[in-house]
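Heads up, the thing below is written out as structure tokens.
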Amino acid sequence: DRAAIEHYRRTIADLAPSSRHVAELTGYLDVSVCPFPYQFTVGCVSECAFCNRASERGKVSRPEVAVDAIEHAVTEYGAREFIFLNSELNFGRTYVHRFCNEIIKRGLNILWTDSCEFRGLDEETLALMKEAGCVAIWYGLEASTDRMLRYINKRTTIDHAVDVLYQAKKIGIYNCLNIICGMPYETEMDVQATIEFLNEHRDAIDTTQVNIFYLQGGPFFDRPGDFGLGLRGYEEQVGETMCQAFDEVNEGLSWEEKK
């Protein structure tokens with residue numbers, strides 16, 4: 001029901017009262033939005049060691065099919081804003097380009113956000129995403145040293161991540177960064193490097209979400225020996241979350257020290 005959509009519209013100020021204190025949002029606080037959630041890829045092709053969805057087999061809608069659904073929401077319900085809920089939109093550069101070009105070709109004039117890996121993003125791809133209506137990207141960086149990125153199989157580098165962040169910021173994409181703290185073999189030097197990274201590049205990072213690491217599956221669990229981990233064979237509650245107990249066996253921390 002197109003008429004019912006208006007009932008759910010809210011201004012930015014209503015949705016996020018603290019936004020009144022963000023200088024960059026001056027002039028936008030009274031803009032009303034009603035973002036539609038939509039997921040058109042299921043699963044993940046990445047092999048991040050910490051993630052229980054690593055290499056998860058799933059289903060990917062062809063770009064034309066995904067945009068068919070978006071166009072239906074636009075024409076039938078007046079949708080203009082979308083929150084795409086994919087694990088990573090850019091699992092393939094060709095896919096992203098086909099998807100964005102299809103949106104542009106149909107003149108849908110939408111605004112949207114999604115999650116991306118730094119791997120495979122470049123100036124051309126970011127510009128095409130922006131033209132297709134992308135206003136914000138959630139990036140899974142997780143760590144801010146190349147040593148930790150290699151350890152968790154992130155398949156990117158800090159230098160590349162920095163380049164992407166500044167390129168995106170330059171063309172008006174809002175950058176949201178995910179960081180995970182407490183991963184195996186993370187040292188105090190890594191923590192300090194993260195703090196310094198966030199401070200140094202604050203002009204290119206709009207939002208940061210810091211998550212706590214819990215071992216619940218993924219390559220860390222499936223192949224612990226490959227990552228220097230020793231699983232104890234039981235779960236223990238850490239805070240409000242259950243976590244597999246483990247030791248860092250290569251001169252690292254014991255479970256009692258780690259938790």
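Basis for what follows: all heavy atoms, side chains included, without hydrogens, waters or symmetry-related copies.
A distance-only check finds a donor-acceptor pair linking the side chain of N90 to the backbone of E117 [under 3.5 Å]. Between the side chain of K130 and the backbone N or O of A168 there is no donor-acceptor pair closer than 3.5 Å. T207 places no side-chain N or O within donor-acceptor distance of the main-chain N or O of C176, the cut-off being under 3.5 Å. Side-chain N or O atoms of H160 include one that pairs as donor or acceptor with a backbone N or O of F118 at under 3.5 Å. With Y185 contributing its side chain and N250 its backbone, the two residues share a donor-acceptor pair below 3.5 Å. A donor-acceptor pair under 3.5 Å links the side-chain atoms of T187 to the main chain of M189, judged by distance alone. Between the side chain of N52 and the main chain of Q216, no donor-acceptor pair closer than 3.5 Å is present.
Classification of D247 and K258 as a salt-bridged pair fails, no side-chain N sitting under 4.0 Å from a carboxylate O. Between R119 and E88 there is a salt bridge, since at least one side-chain N of the basic residue sits less than 4.0 Å from a carboxylate O of the acidic one. Taking 4.0 Å as the cut-off between side-chain N and carboxylate O, E71 and K105 do not count as a salt-bridged pair. A salt bridge between R106 and D68 is present, with a side-chain N of the basic residue lying under 4.0 Å from a carboxylate O of the acidic one. Remark: R93 engages E124 in a salt bridge, criterion side-chain N to carboxylate O under 4.0 Å.
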task: Carefully, step by step, assess R10 and E81 under the rule salt bridge (Lys or Arg N to Asp or Glu O under 4.0 Å).
output: CA-CA 12 Å; R10 296 291 186 273; E81 304 93 13; over 6 Å; no
- prompt: Under the salt bridge (Lys or Arg N to Asp or Glu O under 4.0 Å) criterion, do R98 and E102 qualify, and how do the steps go?
  reply: CA-CA 6 Å; R98 286 176 57 193; E102 195 68 27; over 6 Å; no
task: Take F40 and F82 through the ring pair (Phe, Tyr, Trp, His ring centres under 6.0 Å) test and state the conclusion after the steps.
output: CA-CA 12 Å; F40 47 91; F82 292 83; 9.8 Å; no
field: Derivation of the side-chain contact (heavy atoms from CB on, under 4.5 Å) call for L108 and V67
entry: CA-CA 9 Å; L108 296 183; V67 177; 3.8 Å; yes
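Side-chain atoms of E236 and W255 include a donor-acceptor pair closer than 3.5 Å.
Ring geometry for Y77 against F36 counts as tilted: the plane angle lies between 30° and 60°, on a 0 to 90° scale.
The salt bridge (charged side-chain N to carboxylate O under 4.0 Å, His left out) with K169 is formed by just one residue from the set D203, D206, D163; it is D206.
Of the inter-residue distances, the one linking Q237 atom CD with M242 atom CE reads 6.0 Å to the nearest 0.5 angstrom. Taking CG of N86 as the reference point, atom CD of Q39 lies at 6.0 Å (rounded to 0.5 Å).
Heavy atoms only, all atoms of each residue included: C181 and V210 are closest at SG-CG1, 4.1 Å.
Checked against the 6.0 Å centroid criterion, the rings of Y151 and F220 qualify as a close aromatic pair.
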